[in-house]
Amino acid sequence: MLYFPCYNKFMTKTEKSFTDHFTDFSKKNISDFILYNSGIECCEASYSYGPKRRDYHFIHFVKEGKGLLEIDNEKIEVHKNQLFIVPANMVSTYTADKHNPWEYAWIGFLGIESENFVQTLIQNSKLGYVLDCTDAKIYENRINDITELTQNNQASFFKINSIMYDIFGTLLNEYPTAHDTHKPSVSFQAKRYMELHYYDDIQISDIANTICVNANYLSTIFRKEIGITPKIYLTNLKIHKAKKILCETDDPISLVANSVGFSNALSFSKFFKKEVGTSPSEFRKVNKSHG
């Protein structure tokens with residue numbers, strides 16, 4: 001998409017953007033931290049976006065002008081050299097001022113670590129979802145670098161995500177105290193532990209002991225915040241990993257079993273068939289790519 005610089009604040013809305021189509025969305029959710037999209041926009045007077053709910057977090061850096069953010073039953077005015085954060089699954093609307101419409105750059109992201117990062121920034125804000133930044137132009141320049149990498153391939157994937165990490169590192173330099181003292185939620189710690197140890201024969205009690213909480217408390221708070229129990233989350237994770245190995249390798253079933261935390265192929269096969277409805281061998285035969 002072509003981008004024309006904003007010479008007049010009342011001109012027609014223009015945009016330059018990039019969305020990562022290289023990585024499957026399901027894989028984004030289990031990555032540590034990954035870009036979803038980014039862009040630069042010069043809005044016409046009173047241009048409004050929303051109300052919408054999205055599956056990923058995003059941050060807008062306001063370079064010029066001002067506008068209004070509506071989120072969580074609040075209306076907050078945002079102006080030059082401020083940023084506003086919208087966490088995943090929160091409904092928001094943002095509207096450019098009718099006399100001095102804003103110009104902003106944005107970045108959308110998700111992943112296991114992203115919730116921790118977002119909460120770190122929000123807890124450091126007096127306005128909840130809005131923070132001051134030293135110079136929004138710095139962030140716009142880095143986001144522009146992302147939009148220049150127009151190819152959705154592996155090389156661009158690594159370059160783009162390195163720029164994203166640089167952006168977030170710069171942000172956290174502005175708020176070091178909040179980053180250093182913020183403690184991840186119980187649910188976040190549990191998810192992180194499962195992601196790192198799904199290939200071991202772990203139990204929910206192991207997870208609870210590791211993060212120093214009672215197993216019943218862990219299950220209650222996890223279900224409240226994530227929507228499913230830790231046991232179901234771990235089951236889904238093991239099945240996802242097993243399917244990936246079955247489809248992408250010729251590893252024997254015993255090795256697949258060991259790779260997702262089972263000591264023998266028989267117990268893994270029973271588990272897999274119960275959850276998927278077919279045996280690992282049958283699943284591989286139907287789903288494995290040949291070529």
Side-chain angles (χ1 to χ4, degrees), residues 1-21 35-110 114 117-118 121-122 124-150 152 160 163-164 166-168 170-171 174-175:
M1 180 180 296
L2 295 176
Y3 172 63
F4 303 94
C6 301
Y7 296 112
N8 187 311
K9 65 184 179 183
F10 296 106
M11 69 181 291
T12 303
K13 177 175 70 73
T14 59
E15 179 182 328
K16 181 180 184 180
S17 63
F18 174 87
T19 300
D20 173 29
H21 297 294
L35 179 109
Y36 181 78
N37 63 8
S38 64
I40 301 170
E41 193 161 17
C42 177
C43 296
E44 60 188 3
S46 301
Y47 169 73
S48 184
Y49 192 83
K52 284 196 175 185
R53 186 195 308 273
R54 280 166 280 195
D55 294 331
Y56 56 92
H57 313 284
F58 59 91
I59 301 174
H60 283 58
F61 303 90
V62 180
K63 187 189 74 171
E64 297 289 346
K66 61 182 180 178
L68 186 69
L69 169 68
E70 298 178 62
I71 185 172
D72 200 19
N73 296 316
E74 293 185 66
K75 293 184 179 181
I76 311 169
E77 186 175 281
V78 190
H79 56 71
K80 178 180 178 180
N81 287 332
Q82 286 189 318
L83 61 90
F84 64 88
I85 308 162
V86 177
N89 298 309
M90 288 198 70
V91 177
S92 68
T93 304
Y94 40 100
T95 306
D97 186 75
K98 64 180 179 181
H99 299 298
N100 187 20
W102 49 21
E103 302 171 24
Y104 52 60
W106 81 88
I107 186 164
F109 55 97
L110 62 162
S114 62
F117 175 77
V118 166
L121 293 179
I122 290 174
N124 203 52
S125 171
K126 296 178 181 178
L127 296 174
Y129 301 95
V130 177
L131 294 96
D132 295 325
C133 59
T134 304
D135 184 0
K137 181 67 178 177
I138 294 173
Y139 298 100
E140 183 191 76
N141 288 340
R142 300 304 283 137
I143 289 171
N144 184 64
D145 291 340
I146 293 176
T147 64
E148 294 296 320
L149 294 166
T150 54
N152 268 283
I160 285 166
I163 296 171
M164 179 193 71
D166 180 69
I167 290 171
F168 294 156
T170 302
L171 261 179
E174 297 201 46
Y175 311 106

Listing, residues 66-75 side-chain donor-acceptor contacts under 3.5 Å, not counting sequence neighbours, or none:
{"unit_1": "D72", "atom_1": "OD2", "unit_2": "Y129", "atom_2": "OH", "d": "3.3"}

Give me the atom names and distance for the closest heavy-atom approach of K98 to A45.
O-CB, 3.4 Å
Atom CD of E140 and atom CD1 of I40: how far apart are they, to the nearest 0.5 Å?
4.5 Å
Of all heavy-atom pairs between T93 and G50, which one has the smallest distance, and what is that distance?
OG1-C, 3.7 Å
For the residue pair G39 and T147, what are the closest heavy atoms and their distance?
CA-CG2, 4.1 Å
Within a strict 4.5 Å, meaning less than it, do heavy atoms of the N89 and D55 side chains meet?
yes
With rounding to the nearest 0.5 Å, note down the distance linking SG in C42 to OH in Y104.
10.0 Å
Looking at every heavy atom in both A88 and H57, which two are closest together, and how far apart are they?
N-ND1, 2.9 Å
Does the side chain of L131 come within less than 4.5 Å of L171's, by heavy atoms?
no
Can you tell me how far the CZ atom of F168 sits from the OG atom of S114, to the nearest 0.5 Å?
8.5 Å
Report yes if some heavy atom in the side chain of R54 is under 4.5 Å from a heavy atom in the side chain of S92; otherwise report no.
yes
Could you tell me whether the side chain of Q82 and the main chain of V130 form a donor-acceptor pair under 3.5 Å?
no
Relative to each other, are the rings of Y56 and Y36 parallel, tilted or perpendicular (30° and 60° limits)?
parallel
Gap separating the CD1 atom of I122 from the CZ atom of F117, nearest 0.5 angstrom
10.5 Å
Do I143 and F61 come close enough that some side-chain heavy atom pair is under 4.5 Å?
yes
Where V91 and P51 come nearest, the two heavy atoms and their spacing
CG1-CB, 3.8 Å
What's the spacing between L83 CG and K63 NZ if we round to 0.5 Å?
16.0 Å
Search all heavy atoms of T95 against all heavy atoms of S46 and return the closest pair with its distance.
CG2-O, 3.7 Å
Can you tell if the side chain of F109 reaches within under 4.5 Å of the side chain of I59, non-hydrogen atoms only?
yes
Show the numbers, then the answer: is there a ring pair (Phe, Tyr, Trp, His ring centres under 6.0 Å) between W106 and Y49?
CA-CA 13 Å; W106 81 88; Y49 192 83; 8.8 Å; no
Distance in Å, L121 CG paired with I85 CD1, rounded so as to fall on 0.5 Å steps
4.5 Å
Does the side chain of D135 come within less than 4.5 Å of N81's, by heavy atoms?
yes
Geometric class of the Y94/F84 ring pair [parallel <30°, tilted 30-60°, perpendicular >60°]
tilted
